[in-house]
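Any value given below was found using the heavy atoms of this structure, including those in side chains, with hydrogens, waters and symmetry copies removed. Quick note on labels: first sequence line is chain A, next is B, and so on, each numbered from 1.
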Amino acid sequence: MASEKVLIDPLTRIEGHLSIEMDVQNGKVVDAKCRGDMYRGYESILQGRNPVDANQIVMRICGVCPVAHGQASSRCLDDAFKIKPTKNGRLMRNIILGSNYLQSHILHFYHLAALDYVDITAILKYKGSDDALVRLKDWVNNELKVKKGRPDEMTAAGPFLPRYEGKDFYIKDVDTNISAIAGYVKALDIRQKTHQMVAAFGGRAPHPIALVPGGVTTEPTKERIKIIKKYLKETEKFVNETYIPHVIAVAKAYPDYFKLGKYDSFLSYGLFDKDEDRKSFMFEQGVYTGGKAEKFDSSKIREQVKYARYKSGSNLHPLKGETVADPEKRDAYTFVKAPRYADKPMEVGALARVAVAYLSGNKAVKKELDAVLKIFNSEVPAAFSALGRHASRAIECKLIAAELGNWVDDIDAHEKTRTSYTIPDTGEGEGLVEAPRGALGHWIVVKDKKIANYQAVVPTTWFCSPKDDKGVRGPVEQALIGTPISDSKNPIEAARIVRSFDPCLACAIHVVEGDKEIGKFRVC
Amino acid sequence: MNRREFLKLMGGTTAALAFPGVMIQGCKKALEKAAERTNIIWLEGQSCSGCSVSLLNKLNPDIVTVITEHISLNYQGVIQGGTGESATRVLEDAVKKQRKDFILLIEGAIPTKNDLYCTIGENEHTKRGIGVKYWVEELGKNAKAIVSIGTCAAYGGIPAGVNQRTGENPTGAISVAELFKGSKLVLNIPGCPPHPDWMVGTLLHVLLKGLPELDEYGRPKMYYGKTVHENCERLYYYKRGIFAKEWGDKGCLYNLGCLGMDSGCDIPVRKWNNGANSCTDCGSGCIGCTEKAFPDYGKRGIYQSLHASNDENPVKSAVAAGKNGIGGIING
């Protein structure tokens with residue numbers, strides 16, 4: 001039987017521009033292509049600037065996790081300027097990053113992913129008296145009524161409708177749906193409060209302004225600490241009493257997704273520094289592949305471009321990367337490169353962190369993951385799946401919310417929040433951090449006190465990568481193979497799997513040069 | 001939203017005169033009828049989605065109230081329920097029917113060197129991605145109003161930042177106003193990101209009262225009319241000649257590269273994230289993200305004056321030099 005082309009373009013409810021092209025045969029995906037549909041040319045834009053400017057500019061790679069880019073960049077500059085953060089600087093960076101983890105994961109589950117499972121139209125059956133839900137119900141009713149027959153009829157109850165429609169696409173139980181819709185509304189409030197936590201030390205959110213080389217600029221005043229503690233308490237309660245139960249409820253309604261969207265090689269740079277030398281982490285650094293845990297070594301990273309829209313050299317370490325765009329390149333189908341670790345495509349993100357931590361013997365992570373698996377009478381491999389990714393994010397939120405207050409208590413208000421520096425004439429730096437979406441690395445070369453070159457390898461590049469030079473597909477592409485598609489016009493199953501990775505495509509097509517080659521990256 | 005909250009949103013007391021309570025009440029009533037809710041189509045060009053994320057931080061009225069009472073949000077990629085064809089259907093339908101009943105909001109810059117640099121959907125015949133430029137032009141033709149959300153859409157922003165060695169704008173990114181070359185009125189709400197009050201407040205002003213008074217860069221004066229410096233929490237230090245030498249010091253941040261003297265925005269009084277902090281209060285300083293010259297400031301850059309002496313202000317000439325020609329021009 002001939003295969004049928006199935007396209008999801010654009011994949012909405014992600015950050016940025018992504019589309020998925022699939023070949024479906026006998027109702028199953030047999031080939032998949034992840035296409036990154038935007039390119040801005042950050043690397044070119046950065047050249048010749050003050051290295052300190054990089055910090056603010058690269059945050060704008062992504063408005064969902066600017067905190068992670070700001071931190072990777074600060075660390076990259078720390079390294080190039082040969083400084084370390086102060087203890088307060090490290091703690092405050094952790095607090096800002098941790099607060100944004102809560103924001104990002106809650107946003108992802110409720111506002112980006114949930115509408116693939118939750119039936120928003122169930123609100124019409126709501127019989128209770130909660131003010132927000134009654135308002136929502138009246139609004140949907142009203143929209144459907146007044147727009148009927150008008151030119152804008154299709155937009156009734158937008159932006160929630162229209163959507164993919166089909167049998168068993170959405171949860172049937174009315175109470176579960178209504179509870180999740182109430183969660184969606186409450187989560188909007190909680191995530192803006194977690195952004196207040198980011199802003200308390202970060203200056204603002206998104207695009208925090210206080211992250212600088214050596215630490216942060218903000219004074220840890222009592223008022224700021226009060227904001228963080230107040231909203232942390234509220235967020236922790238929401239995570240434990242609402243978010244985690246909703247993830248479990250979705251998993252109970254769609255247990256098949258423990259078997260779908262599978263992948264099994266993971267990479268984590270280590271999350272939340274426990275010391276200023278980045279030697280130990282709250283979530284361990286490491287690589288897990290072929291059933292074995294390995295030590296991470298950043299020299300094993302390469303980027304390949306055979307199927308990406310670039311005409312420059314392939315299989316280079318980011319520090320030696322050459323990137324020349326070629327939007328019309330034959331056979332290329334994306335602006336995302338194919339990063340490989342020791343020649344293997346790696347999944348990065350919450351599941352990768354949880355998997356690496358679990359296999360490194362992290363007791364807190366083991367306890368939480370085992371508890372989730374027990375509900376479903378499952379073993380660890382079941383977690384390496386679409387649902388495992390959602391569960392991993394919820395587990396991270398629980399552990400971060402429990403730990404964040406300790407970092408706040410460890411701050412010494414009389415000590416400095418940052419280390420002073422002088423911009424060197426020449427230098428090189430590497431900044432590694434775990435963004436909510438996964439392993440994020442920035443590299444800089446400074447020459448004549450200016451940026452000679454800047455490169456980032458971001459989480460979505462790892463998992464939304466195209467085929468590499470040997471034709472091996474990227475993690476999302478592999479995870480899609482074998483996925484049943486019940487209706488080629490409404491491929492919701494594939495959308496669920498891709499969204500479980502939490503792609504962020506503005507990130508993925510990141511710091512690449514413009515139309516012509518400007519120079520090569522070299523390591524002396 | 002009560003009258004007090006509305007006035008606060010509209011920039012405080014100066015706006016009070018322009019909004020008699022009776023009129024606000026009357027308009028609010030009208031807006032609450034679904035038939036009166038104005039359709040909004042929000043497109044993303046070369047953006048980081050930071051404006052969308054900032055919008056979600058809206059309070060008084062909160063984002064749920066905005067979506068269910070004040071506007072009818074037809075399309076918004078970051079929260080759109082539909083995906084793939086079930087999402088683009090809304091855009092295609094609006095183009096096909098030549099709908100005129102909506103305001104077009106654009107977040108992000110528009111690449112001009114190649115349409116593939118930013119696409120939404122695919123042409124079913126050619127199998128080629130549809131450039132965001134096409135959607136903005138087609139939908140912009142009939143839109144009741146066009147609003148550039150954020151500095152990228154308003155002036156080109158970071159995607160239009162030039163390589164400081166080669167002078168190149170890598171993707172030929174331009175602002176929405178430049179795309180329409182003066183043939184359409186474009187209202188600018190810059191900021192990287194814009195404060196959610198600026199976005200919702202401007203929109204409500206347009207819906208309730210018509211076009212707000214704009215400055216020469218196409219920005220509503222009620223939010224961008226004063227400089228950061230004029231309202232700065234650290235003005236006390238400036239007046240007494242106390243200047244910070246390093247981040248973390250007490251004092252005016254001018255010598256650290258703060259661009260507050262040349263940047264129009266009300267953050268020092270409005271604050272970010274429900275009062276949690278501000279760019280100047282947190283000690284980092286203003287990076288001039290609401291300005292047309294951001295992030296290049298000619299050759300100056302953002303933190304160029306870092307560790308420099310307080311001898312001259314390199315900003316003004318850079319702002320005057322601009323970077324994108326007509327980025328902020330408004331034409332009726």
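For the atom pair B/Asn273 CG and A/Tyr231 OH, the distance stands at 10.5 Å (nearest 0.5 Å). Here the CG atom belonging to A/Leu188 is positioned 10.5 Å from the CG atom belonging to B/Leu59, to the nearest 0.5 angstrom. Taking CG of A/Asp138 as the reference point, atom CD of B/Glu69 lies at 10.0 Å (rounded to 0.5 Å). For the atom pair CZ of A/Arg35 and OG1 of B/Thr119, the computed distance is 7.5 Å after rounding to the nearest 0.5 Å. Taking SG from B/Cys118 and CZ from A/Phe335, the interatomic distance works out to 9.5 Å, rounded to the nearest 0.5 Å. A distance of 6.0 Å separates CD in A/Gln192 from CG in B/Asn57, rounded to the nearest 0.5 Å.
Across B/Cys152, B/Ala276, B/Cys192, the residue that shares the most heavy-atom pairs under 4.5 angstrom with chain A is B/Cys192. No other option in A/Lys5, A/Lys489, A/Lys145, A/Arg163 has as many heavy-atom pairs under 4.5 Å with chain B as A/Arg163. Interface check for chain B: of the options A/Pro162, A/Pro10, A/Gly48, the most heavy-atom pairs under 4.5 Å are formed by A/Pro10. Taking chain A as the reference chain and counting heavy-atom pairs below 4.5 Å, the highest number among B/Val90, B/Ile130, B/Ile41 is found for B/Val90. For the set B/Ala109, B/Gly45, B/Gly275, the count of heavy-atom pairs under 4.5 angstrom toward chain A peaks at B/Gly45. In terms of heavy-atom pairs under 4.5 angstrom with chain A, the leader among B/Gly283, B/Pro193, B/Gly285 is B/Pro193. Between chain A and the residues B/Lys271, B/Arg128, B/Glu85, B/Gln76, the largest count of heavy-atom pairs under 4.5 Å involves B/Arg128. Comparing B/Val64, B/Leu56, B/Ile40 by heavy-atom pairs within less than 4.5 Å of chain A, the highest count is held by B/Leu56.
A side-chain donor from one of A/Arg499 and B/Thr83 sits under 3.5 Å from a side-chain acceptor of the other. A donor atom on one side chain and an acceptor atom on the other are found under 3.5 Å apart for A/Lys147 and B/Asn39. Side-chain contact check for A/Ser19 and B/Glu122: no donor-acceptor pair (N or O, by modelled atom type) lies under 3.5 Å. Checked by atom type, the side-chain pair B/Asn163/A/Gln47 shows a donor-acceptor distance below 3.5 Å.
B/Arg300 is not listed as a side-chain neighbour of A/Asn50, based on a closest heavy-atom distance of 4.5 Å or more. In this structure the side chain of A/Met154 never reaches within 4.5 angstrom of the side chain of B/Asn74, judged on heavy atoms. Within the 4.5 Å cutoff, side-chain heavy atoms of A/Gln56 are placed close to those of B/Tyr303. In this structure, the side chains of B/Cys48 and A/His207 come closer than 4.5 Å at one or more pairs of heavy atoms. A heavy-atom distance below 4.5 Å is found between the side chains of B/Gln46 and A/Met38.
Looking at B/Asp93, only its side chain comes within 4.5 Å of chain A, counting heavy atoms on both sides. Using a 4.5 Å cut-off between heavy atoms, B/Asp281 touches chain A through backbone and side chain atoms alike. Within the 4.5 angstrom heavy-atom criterion, only backbone atoms of B/Ser278 (N, CA, C, O) approach chain A. If you measure heavy-atom distances from A/Ile57 to chain B, the contacts under 4.5 Å come from both the backbone and the side chain. Proximity to chain B is absent for every atom of A/Thr417, based on heavy atoms less than 4.5 angstrom apart. Using a 4.5 Å cut-off between heavy atoms, A/Ile451 contacts chain B through its backbone alone, with no side-chain atom that close. Only the side chain of A/Ala495 comes within less than 4.5 Å of a heavy atom of chain B; its backbone N, CA, C and O stay farther away. Residue A/Ile8 touches chain B through both its backbone and its side chain, counting heavy-atom pairs closer than 4.5 Å. Using a 4.5 Å cut-off between heavy atoms, A/Arg135 touches chain B through its side chain atoms alone. With a 4.5 angstrom heavy-atom cutoff, B/Ile63 touches chain A only via side-chain atoms. Using a 4.5 Å cut-off between heavy atoms, B/Cys289 touches chain A through its side chain atoms alone. Proximity to chain A is absent for every atom of B/Pro111, based on heavy atoms less than 4.5 angstrom apart. B/Ile67 touches chain A through backbone and side chain together, each having a heavy atom under 4.5 Å away. In this structure, chain A has a heavy atom under 4.5 Å from the backbone of B/Val162, while its side chain stays farther away.
Considering every non-hydrogen atom in both B/Glu246 and A/Ser420, the closest pair reads OE1-OG, 2.8 Å. Closest of all the heavy-atom pairs between A/Ile209 and B/Ser284 is O-OG, 2.8 Å. Across all their heavy atoms, B/Asn277 and A/Gly203 have their closest contact at CB-O, 3.3 Å. Here the shortest heavy-atom pairing between B/Pro170 and A/Gly41 reads CG-O, 3.6 Å. Here the closest non-hydrogen pair linking A/Asp9 and B/Gly121 is OD1-N, 3.0 Å. Of all heavy-atom pairs spanning B/Ile79 and A/Pro159, the tightest one is CD1-CG, 3.9 Å.
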Inset, instruction - Take B/Asn114 and A/Glu328 through the test side-chain contact (heavy atoms from CB on, under 4.5 Å) and record every step on the way to the result. - result: CA-CA 9 Å; B/Asn114 192 309; A/Glu328 309 289 347; 3.0 Å; yes

Legend entry - Intermediate values then yes/no, side-chain contact (heavy atoms from CB on, under 4.5 Å), A/Arg40 and B/Ile158: CA-CA 9 Å; A/Arg40 287 172 292 180; B/Ile158 285 182; over 6 Å; no

Inset, instruction - Output, in order, the C-alpha distance, side-chain angles, deciding distance and verdict of side-chain contact (heavy atoms from CB on, under 4.5 Å) for A/Leu115 and B/Gln80. - result: CA-CA 9 Å; A/Leu115 296 183; B/Gln80 189 79 14; over 6 Å; no

Inset, instruction - Walk me through it: do A/Asp152 and B/Lys97 pass the test salt bridge (Lys or Arg N to Asp or Glu O under 4.0 Å)? - result: CA-CA 9 Å; A/Asp152 59 352; B/Lys97 289 186 183 151; over 6 Å; no

Inset, instruction - Before giving the answer on side-chain contact (heavy atoms from CB on, under 4.5 Å), spell out for B/Arg99 and A/Thr155 the whole-Å C-alpha distance, their side-chain angles and the decisive distance to 0.1 Å. - result: CA-CA 12 Å; B/Arg99 270 178 57 197; A/Thr155 70; 3.4 Å; yes

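Between B/Asp101 and A/Arg150, no side-chain nitrogen of the basic residue sits less than 4.0 Å from a carboxylate oxygen of the acidic one, so the salt-bridge criterion is not met. Of the charged side-chain nitrogens involved, at least one lies within less than 4.0 Å of a carboxylate oxygen, so that B/Lys250 and A/Glu219 count as a salt-bridged pair.
Judged purely by atom type and a 3.5 angstrom limit, A/Thr217 has no side-chain atom pairing as donor or acceptor with the backbone of B/Trp247.
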